Amino acid sequence: MRFRRDDGTLAPTGEIGNIEVRSPVVAGGYYKRPTYRHRFGTDGSVAAIWAISMRVAICTVRGRADEIAWINGKMVSALLLQDTLCQLSSVRYAAIVRDVNLDFWIAAVVPWPGLLIDLAQCRETIISLYGLTSVVVVRVDRGAAHAPGKVDRVAVSNSGRQFAS
């Protein structure tokens, strides 16, 4: 599945676009329907057909499936929690890991230089906004990342496990 702008270019994540789908099912049953437009790949094969569904949508990645929970009918994800904590004035960076086996979340937070983070405020913010009570917030001195934007899940888990019991 992909999303294409009206000008023919591919739409980036989070931008509205026309839905195009390519699969054996589409090729076998839908590509001849008059209500579907289609694009053929350079080799002209059935597998290269992109069916344009005449529907528009936005594709937004919400996070890893193992880091999403439904709490009181709302989807809570590690990315959502990270964004929420980073809205607090003292939090420069936040990394969240969900430990499915022990049924809790670990939030590692990094302060802005010269500021202190109120860990209780971080936890209360998460509880009040999302109803998530099984969360541990720990302060770390440097970002829990080993590549740009990539959370070091092992480091975050290790920093919070001792507080979870």
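What you are looking at is a predicted structure, and each value in this text was computed from that prediction instead of being measured.
- When the side chains of ILVMFWY residues are joined at heavy-atom separations under 4.5 Å, either directly or via intervening members, Ile127 and Val136 end up in two distinct hydrophobic clusters.
- For Gly131 against Asn72, the heavy-atom pair with the smallest separation is CA-ND2, 4.3 Å.
- Atom CD of residue Gln121 and atom OG of residue Ser89 lie 7.0 Å apart, to the nearest 0.5 angstrom.
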- Message: Run Val110 and Val91 through side chain to side chain contact (heavy atoms under 4.5 Å, CB included) and show every step you take.
- Response: CA-CA 6 Å; Val110 178; Val91 177; over 6 Å; no
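- Between Leu116 atom CG and Ser90 atom OG the span is 8.0 Å, to the nearest 0.5 Å.
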- Task: Begin from the C-alpha positions of Trp105 and Asp99 and carry the test side chain to side chain contact (heavy atoms under 4.5 Å, CB included) through to its verdict.
- Result: CA-CA 6 Å; Trp105 301 64; Asp99 189 319; over 6 Å; no
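- Rounding to the nearest 0.5 Å gives a distance of 8.5 Å between CZ of Arg123 and CG of Leu132.
- Here the OG1-CD1 distance, from Thr133 to Ile71, works out to 8.0 Å after rounding to the nearest 0.5 Å.
- Around the CZ atom of Arg92, the shell of radius 6.0 Å holds no more than 12 heavy atoms that belong to other residues, nucleotides or ligands.
- Here the side chain of Gln82 pairs a donor or acceptor atom with the backbone of Ile96 at under 3.5 angstrom.
- Hydrophobic clustering (side-chain heavy atoms under 4.5 Å, transitive across Ile, Leu, Val, Met, Phe, Trp, Tyr) groups Ile117 together with Leu129.
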- Task: Show your reasoning for whether side chain to side chain contact (heavy atoms under 4.5 Å, CB included) applies to Leu88 and Leu85.
- Result: CA-CA 6 Å; Leu88 299 175; Leu85 290 174; 4.0 Å; yes
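- For the 3.5 Å distance criterion, the side chains of Thr84 and Tyr130 qualify, holding a donor opposite an acceptor.
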- Message: Using the rule given for side chain to side chain contact (heavy atoms under 4.5 Å, CB included), can you reason through Val109 versus Leu119, listing the C-alpha separation, both sets of side-chain angles and the distance that settles it, and then say yes or no?
- Response: CA-CA 9 Å; Val109 291; Leu119 300 179; 3.8 Å; yes
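- How far CG of Leu10 is from CD of Glu15: 10.5 Å, rounded to the nearest 0.5 Å.
- Atoms CH2 and OH, on Trp112 and Tyr93 in that order, are 12.5 Å from each other to the nearest 0.5 Å.
- Here the closest non-hydrogen pair linking Pro111 and Val140 is CD-O, 3.8 Å.
- Formation of a donor-acceptor pair under 3.5 Å by the Arg98 side chain with backbone atoms of Ala78 is not found in this model.
- Put simply, the side chain of Arg5 never gets that close to the backbone of Asn18: no donor and acceptor are under 3.5 Å apart.
- A pairwise comparison of heavy atoms in Cys86 and Ala94 identifies SG-N, 3.6 Å as the closest pair.
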